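These notes concern the structure reproduced below.
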Amino acid sequence: MALKIVKGSIDRMFDKNLQDLVRGIRNHKEDEAKYISTCIDEIKQELKQDNIAVKANAVCKLTYLQMLGYDVSWAAFNIVEVMSSSKFTYKRIGYLAASQCFHESTDVIMLTTNQIRKDLSSPNQYDTGVALTGLSCFVTPDLARDLANDIMTLMSHTKPYIRKKAVLIMYKVFLKYPESLRPAFPRLKEKLEDPDPGVQSAAVNVICELARRNPKNYLSLAPLFFKLMTSSTNNWVLIKIIKLFGALTPLEPRLGKKLIEPLTNLIHSTSAMSLLYECVNTVIAVLISLSSGMPNHSASIQVSFSRHAHTFSLKYLGLLAMSKILKTHPKSVQSHKDLILQCLDDKDESIRLRALDLLYGMVSKKNLMEIVKKLMLHVDKAEGTTYRDELLTKIIDICSQSNYQYITNFEWYISILVELTRLEGTRHGHLIASQMLDVAIRVKAIRAFAVAQMATLLDNAHLLTGNTQRNGICEVLYAAAWICGEFSEHLEEPMVTLEAMLRPKVATLPGHIQAVYVQNAAKLFATVLRGHEGVPADSMVAQETSQLLIDRLPLFVQSSNLEVQERASCILQLVKYIQKLQQKDVEVAEEVTALFAGELNPVAPKAQKKVPVPEGLDLDVWINEPPSGSESEDEGRKSKGKAVFAKEESRHTKPRYTEVDEKELAKRREVRKAEQANNPFYIKASPSSQKVYQDGVGVEHIPVVQIDLSVPLKVPGMPMSDQYVKLEEERRERNKADKKKKKDKKKREKGEKGRRRRGDSGPESEEDITPAHMVDIVTEEMPENALPSDDDDKDPNDPHKSICWAPCVNTAGYGVDQPPLYLSPHPSLSLAPHLQVCDIQGNLQDGSQVVVSVIFENKCDSFIKSMEFNVLDSLNSKLQRPDGAGPHDGLIVPFQLPPGISNEARFIFSVQNIVMPQKLKGTLTFIVKTDDSSTHEKLDFKLHFTCTSYLITTPCYSDAYSKLLESGDLKGCSLKLEGVNQPFHHLLARICFHHHFSVVERIDSCASMYSRSIQGHHMCLLVKTADQTVSIDAKCDEPGLLGNVLDEIKLTFSQC
Amino acid sequence: MIKAILIFNNHGKPRLSKFYEHYSEDTEQQIIRETFHLVSKRDENVCNFLEGGMLIGGSENKLIYRHYATLYFVFCVDSSESELGILDLIQVFVETLDKCFENVCELDLIFHVDKVHNILAEMVMGGMVLETNMNEIITQVDAQNKMEKSEVRL
């Protein structure tokens, strides 16, 4: 035995260790592969020996070779052997090798279960630690199931080193063996409050990962995390928690309000930039979810950006954060436009791409031209096609977004598109082409201009195509040819264009473009004929044109492209026939034009859906009986038949359409897309058509060849878009001047009295910019008998659809003595249970209390529960909350609402000053529970406290009344209402009912009335009526209150 | 989650690769090559984040890297990790290496990749951050090395 050991160690002296191996590889740079293969042979020999030290050494070398890309899975069993060594040194080598190359399909893993269990319970903490680390990399579902209990026990180990590893690995165990989550969770939660910060951090890590997958389930842990956030000093833990809160706030708006303060504190106190950034990020998420925190909002962006601007990494993150804000609050980002434009100059592509993304959301009518001009400059400067193509698509995206909403001058846009065609080697020729087509078709007023531009493009086609026919940009010629042909009536010199379209060089263009050329040459021919017929001198021109076509078309007839060939030979024959007629002096223009008559209008994307199904047509019924051949026949056809018909068994039952149809439809859709893409007459109106087009043509497959030209390509005679920018500026100036003149004129008319503040020449508002020429964007065509409905934007699955805001007067049973006030919803929110304030009534017992009764009515089909009513307190009015609740907590509505049920809840507000009416903003959060899910919703509303609601109907005797008037403490005010044609007693009843007054005395058409405010102000009215005019003289010891009540009375009468 | 940690030199030679998801050896090499290609063409003074390494998980993931002298340290992470947090972590990693190897240089990593693995194992476990406190990491690494030495003496 002893001899063996000695022998073993002598052997070892001659073995290579890891360092020798590395050195060896470095010394054999020329024949590295050969050297390594001899090393692997050596390793194989070493692994055959009994000595564990030799084996461990061999495994260690294998781990290194694995990193270099060599497959070492053949040594898996030896790795397990080394893992089970009793010495820590070897065990560690074994586990490291296993973690690098074991995976779920490694079969020897089965053998490790007991070994790992032994190591986990080892008295040496590092044995356990090494086993846990290794296991974390190669844990399989089987291992997770078998070892979950052992690991759970380790979570309460005495050594924090083991505890933190055990806690962390639980996440991997959960992933592989989800059943373990439930029993382990309480202990995991407990570890959040472990005395050791490392363990705490591990627990936070695990829960954050879990919560990321399903945040809702972890809302209940929010208070615990909140505590950790305010107490922990470990930045890593804080970052994790803050990120988690960022994910939770959208689910629980109340959380956001609580978070703002501690987060702001952290922002101001921390020195760690990483923590600061995550805080700002979460603050943004909070503000977005609150939607009411605008004031300090811009401030925090400022913080993020100003601090971020100096280092590059932070710049990137700042832009990332801004894109989040942009989605909800575009205004606050727009003010940083210059900063973002600066970022476009950055040399880092990551930053430039982020900045581009932001620009998309920032354009307006006012700055579109400016931004695009800047982008065009960048296009010229940009190196590398990827970034340049990105710029190009962004320019087009920016301009075409929301139906060209921001374009005021389409001439400018066309010239931008034309300028973009100068880009060498871009992949996006088709994108530009589809934009040209789209604009030319949909903007009628621009056609003449577009046609002129396109004609120049065609004339200079050689510049675009260069020497290479395989250039993406030649796609624009497709659009140019089609536009010139279709709108040829706008061409000044159709002959020239026709000639340009029939040049021999055209034959080098891709087939689908040639086809369009040929077809549109025919259209142009028709136009030429029409222009020159009837005038004898011109008949020569017409004949020459025919001859031109006859001369040139044979070139296309020989084309290898079928489409081109077919169209060319058709048209050639036609022209020959026409020539014959011309020689006989027959007028043909009209007939030829008729070939291409009719206008093509864009088709709305939804048009197909809108075609009503004719009566009696059942699309689900077989047109022919399904074939009922013999079994053998069916089998023979199986492969073919399956795609068209439902499965065989379904023959007798109703055909199973759904699954087959899905596939079939998708297939057809593909085919149709391809067709549409190649069909110049089919233009989809939505911007998505560009994509379709792109998919269909498959220009991606055309290898892009870069032209190396030292001189920039410039198409002669092309207008430069810059000119338009200048023109547009001038035009706007002029418009402004005009307006000013008008204003001045008005001013003068108004004379001295109308001395207003001079309109300072501040930034013009969006509305001031009028489009250059009234451009009517042709509305998309819809089928004739389509039903005009607005509902097609609504998702039928929209859970909010069923919950509506229809006002309904509900006055019964609540002793309502004033018209119900509808809580006005936030304009963008039309969801929620129906809410209605039926009464706002002052409280007699307490001079500063107002009771608000709210009726909640559930108008949707789902169960509504956990309603929480919250109002943003103003300085003057506060919602009374139970003791111990914070100033921003909501009140729980003490009932739940099944569908269609309504109930009333009362809320008490304390009011300090009752002189002014008030509007309070509030939110109702609630959970809509449907069969399979429940969603958290919220509803914003406004609560309107009128001054009337502070008045309480109080009876008063005439003698007391007259004493009051005589006392002289009251100040007077009066009101005249005209055109009131209701009986006097109705009028009085109205005032009593709506404004809480009581009649003291009435004599004929004159009455005195009295009311008291909750704070004891007396209010007296003397109402007189004559000839439809009502005059009210009022007196009160609080003139402000009086004025407001009178205004409200006036409003009441103006509404009837 | 951290998906992978890669260290390679200015020529793209791998010095350490730790994948927390399983890939075949060939794919791993491809990932290292692609990552090197993406990272190495970037200027020194640009940001440390890169989107869209195609191979590891695609657009969900980000590459966060730091360049020290001859070595690139690249962490591939998903969206649950804080970008700047990981940058700090790389710094901690490098400082720890510096302490353990005493003025660490590329050669240390070349010849002692196993030790680097052991240090890393005390920081990141199975793709999750285990410890960020440098002193704690060094204490644990030293204790284990001491154990190893005592075993050799036996």
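The sequence lines fix the lettering, A, B, ..., with proteins before strands; numbering per chain opens at 1. No experiment lies behind these values; they were computed from the predicted model shown.
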- Message: Heavy-atom cut-off 4.5 Å, strictly under: side chain, backbone, both or neither for A:Ile242 against chain B?
- Response: neither
- Under 4.5 Å to a heavy atom of chain B? For A:Leu168 that would be both
- Out of curiosity, B:Leu84 CG to B:Ile64 CD1, how far, rounded to the nearest 0.5 Å? 8.0 Å
- Task: Select, from B:Lys13, B:His117, B:Arg15, the one with the greatest count of heavy-atom pairs under 4.5 Å involving chain A.
- Result: B:His117
- Query: Which atoms of A:Gln19 come close to chain B, meaning under 4.5 Å heavy atom to heavy atom: side chain ones, backbone ones, both, or neither?
  - Reply: both
- Cation-pi, B:Phe111 ring and A:Arg23 (6.0 angstrom, 45 degrees): yes
- Note on the structure: Of A:Lys164, A:His103, A:Gln100, A:Gln125, the largest count of non-hydrogen pairs under 4.5 angstrom with chain B goes to A:His103
- Query: Is any side-chain N of the basic residue among A:Lys243 and B:Glu81 closer than 4.0 Å to the acidic one's carboxylate O?
  - Reply: no
- Task: Provide the closest heavy-atom pair for A:Ala97 versus A:Val59 in the form atom of the first, atom of the second, distance.
- Result: CB-CG1, 3.4 Å
- With only heavy atoms counted, which part of A:Leu275 is less than 4.5 Å from chain B, the side chain, the backbone, both or neither? neither
- Message: Can you tell me which of B:Met1, B:His22, B:Glu122 forms the most heavy-atom pairs within a distance under 4.5 Å of chain A?
- Response: B:His22
- Query: Can the ring centres of B:Tyr65 and B:Phe75 be said to be less than 6.0 Å apart?
  - Reply: no
- Message: Quick check on A:Phe88 against chain B: is it the side chain, the backbone, both or neither that has a heavy atom closer than 4.5 Å?
- Response: both
- Query: With a 4.5 angstrom heavy-atom cut-off, which part of B:Ser24 approaches chain A: side chain, backbone, both or neither?
  - Reply: neither
- Counting heavy atoms not belonging to B:Asn103, are there more than 12 under 6.0 Å from its CG? no
- Would you mind checking which part of B:Glu83 comes under 4.5 Å of any heavy atom in chain A, side chain (CB onward), backbone (N, CA, C, O), both or neither? both
- Message: Using heavy-atom distances under 4.5 Å, tell me whether A:Tyr70 contacts chain B through its side chain, its backbone, both, or neither.
- Response: backbone
- Query: By a 4.5 Å heavy-atom criterion (distance strictly below it), what part of A:Asn235 contacts chain B: side chain, backbone, both, or neither?
  - Reply: neither
- Task: Please determine, among B:Glu131, B:His112, B:Met147, the option with the most heavy-atom pairs under 4.5 Å with chain A.
- Result: B:Met147
- So which of A:Val139, A:Ile93, A:Leu96, A:Thr63 has the largest heavy-atom pair count under 4.5 angstrom toward chain B? A:Leu96
- Side chain, backbone, both or neither: which part of A:Lys165 has a non-hydrogen atom closer than 4.5 Å to chain B? both
- About how many Å separate CG of B:Asp88 and OG1 of B:Thr132, when rounded to the nearest 0.5 Å? 9.5 Å
- Task: Could you tell me whether the side chains of B:Glu148 and A:Thr89 share a donor-acceptor contact shorter than 3.5 Å?
- Result: no
- Item | Interface moiety of B:Gln144 toward chain A, non-hydrogen atoms closer than 4.5 Å | both
- Query: Taking it one step at a time, do A:Ser99 and A:Thr133 satisfy side chain to side chain contact (heavy atoms under 4.5 Å, CB included)?
  - Reply: CA-CA 8 Å; A:Ser99 75; A:Thr133 307; over 6 Å; no
- Message: Pairing donors with acceptors under 3.5 angstrom, does anything connect the side chains of A:Glu209 and B:Ser80?
- Response: yes
- In terms of heavy-atom pairs under 4.5 Å with chain B, the winner among A:Val130, A:Ile239, A:Asp71 is A:Asp71
- Query: Are the charged groups of B:Asp78 and B:Lys62 less than 4.0 angstrom apart, N to O?
  - Reply: no
- Tell me, for B:Leu107 versus chain A, whether the close heavy atoms (under 4.5 Å) come from the side chain, the backbone, both or neither. side chain
- Atom NZ in A:Lys172, atom OG1 in A:Thr140: separation rounded to 0.5 Å? 12.5 Å
- Note on the structure: Note: vs chain B, highest number of non-hydrogen pairs under 4.5 angstrom among A:Cys137, A:Ser136, A:Cys208, A:Pro197 is A:Ser136
- Note on the structure: Output for pair (B:Glu151 CD, A:Lys91 NZ), nearest 0.5 Å, gives 9.5 Å
- With only heavy atoms counted, which part of B:Glu136 is less than 4.5 Å from chain A, the side chain, the backbone, both or neither? side chain
- Message: Report which part of B:Val129 has an atom under 4.5 Å of a heavy atom belonging to chain A: side chain, backbone, both, or neither.
- Response: both
